[in-house]
Amino acid sequence: MNTPLLGPPSPADGLPSWQKPEKAAAWVFVAGLVGLGVYYWGKILPFLIDIVFDTVKLGIGLGVLFVLFLLATNKRIQTGLWYLGQRIFRTAASIFVNTDPIGIMEDYISNTEKEARNMDAEVGHIEGANELVKRKMAANAAQMKEYLSLAASAQRQGEKDAADSYASRAAQLEDYNKRLQPMATTTANVSLVMRQILKAALRQIDNSKFKVNLLKDEYALVKRTSSGMRAAMNILRGDPDKKYFFDLATDRVAEDMAQQLGQIKQAMRYSQEFVKEMDIQNGVMSEKGQHLLDQYQKGEFSAIMNNEPPVPMTAATTRQATDDAYGKLLD
């Protein structure tokens, strides 16, 4: 019977493969599995989707935990986040509040100028009120003179009632002017004082502008000089943050070197012990070899071979031993 070593038997010797019962059963089983997969695909797909999304959520959670672990343990990340937070809050504060010292002084001068303009307008209102009071008093004085003239004319004509009426009106205007006189004096004094204050304020504003411009120029020069000196000091003393990381790296390298030196010393100690042991063994074997060599030179080789007498070897014996050795190799 010629049966191939590999692969199934040839169908030429028997029934075709499609007529064999095990083949048909296998195809029916596979078709059933495919049908079940198609039928239950709507139930399997949500389960697979949940598995995928749960795996993604698990990866995200592990990533967040790893980031939190780095934040809690890594000094470099903590320092970077500290400076980043400072920069963010400083930028946010600069949006609402001017943090530049020169800008703060310029804002103060601008506000003072605005108040000076408001004060100038108020002084103009007071001076206008004073002018109105003066005009009112002058009009009352002219009206009072007219009433007195009418009263005198009526008295000459014998009209006593008319004369008393005109005299009474003149007296009221006189009283009115007496009451307005303090107000006129007050407004004049207030306007005079406010004008003096305004002049002093304007003079102070001019002085402040001069000082601010001078400080601005000096501050710019000092900043440029300080920038150069800071670069020099960074070279001489080193940047504090970078110096901190430099010290950490130096300590780490020193610890690593110490550990490696300890391992090297331990390896050298083990190797030294091994070399000593090997030297001792070599010394012992050397002594044994010297002793055997002495015995061999003295003709006492039988003592070396456990006191067995030497077996004489002939050519036939040697050939037979060689054939036996090769025969054992082929067995």
Please determine whether residues [X] and [Y] belong to a single hydrophobic cluster, defined as Ile, Leu, Val, Met, Phe, Trp and Tyr linked transitively by side-chain heavy-atom distances below 4.5 Å.
X	Y	value
F66	V64	yes
M137	L173	no
L192	I197	no
I60	L68	yes
V56	V67	yes

Closest contact, heavy atoms only, [X] versus [Y]:
X	Y	answer
M194	I126	SD-CD1, 3.2 Å
S191	V123	O-CG1, 4.1 Å
L198	A116	CD1-O, 3.5 Å
A163	A154	N-CB, 3.7 Å

Under a 4.0 Å N-O cut-off, is there an ion pair linking [X] with [Y]?
X	Y	answer
K160	D164	no
R195	D120	yes
K209	E106	no

Please report the interatomic distance [atom1]([X]) to [atom2]([Y]), rounded to the nearest 0.5 Å.
X	Y	atom1	atom2	value
E115	I205	CD	CD1	9.5 Å
N130	R135	CG	CZ	11.0 Å
T187	L132	OG1	CG	9.5 Å
K216	L221	NZ	CG	13.0 Å
L180	T186	CG	OG1	11.5 Å
T112	M119	OG1	CE	12.5 Å

Walk me through it: do Q181 and N177 pass the test side chain to side chain contact (heavy atoms under 4.5 Å, CB included)? CA-CA 6 Å; Q181 184 62 42; N177 283 347; over 6 Å; no
Going through the distances and angles, do E127 and E131 end up as a side chain to side chain contact (heavy atoms under 4.5 Å, CB included)? CA-CA 6 Å; E127 289 178 347; E131 187 65 24; over 6 Å; no
Tell me, with the steps shown, if R252 and D256 meet salt bridge (charged side-chain N to carboxylate O under 4.0 Å, His left out). CA-CA 6 Å; R252 179 64 181 273; D256 195 10; 6.0 Å; no
Short side-chain donor-acceptor distance under 3.5 Å, Q143 and Y147: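 There is such a pair between these side chains.
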Okay, side chain of T55, backbone of I51: is any donor-acceptor separation there less than 3.5 Å?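 Yes; at least one donor-acceptor contact below 3.5 Å.
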If you apply the rule side chain to side chain contact (heavy atoms under 4.5 Å, CB included), what do you find for Y176 with K136, and how did you get there? CA-CA 10 Å; Y176 194 96; K136 185 67 174 177; 3.9 Å; yes
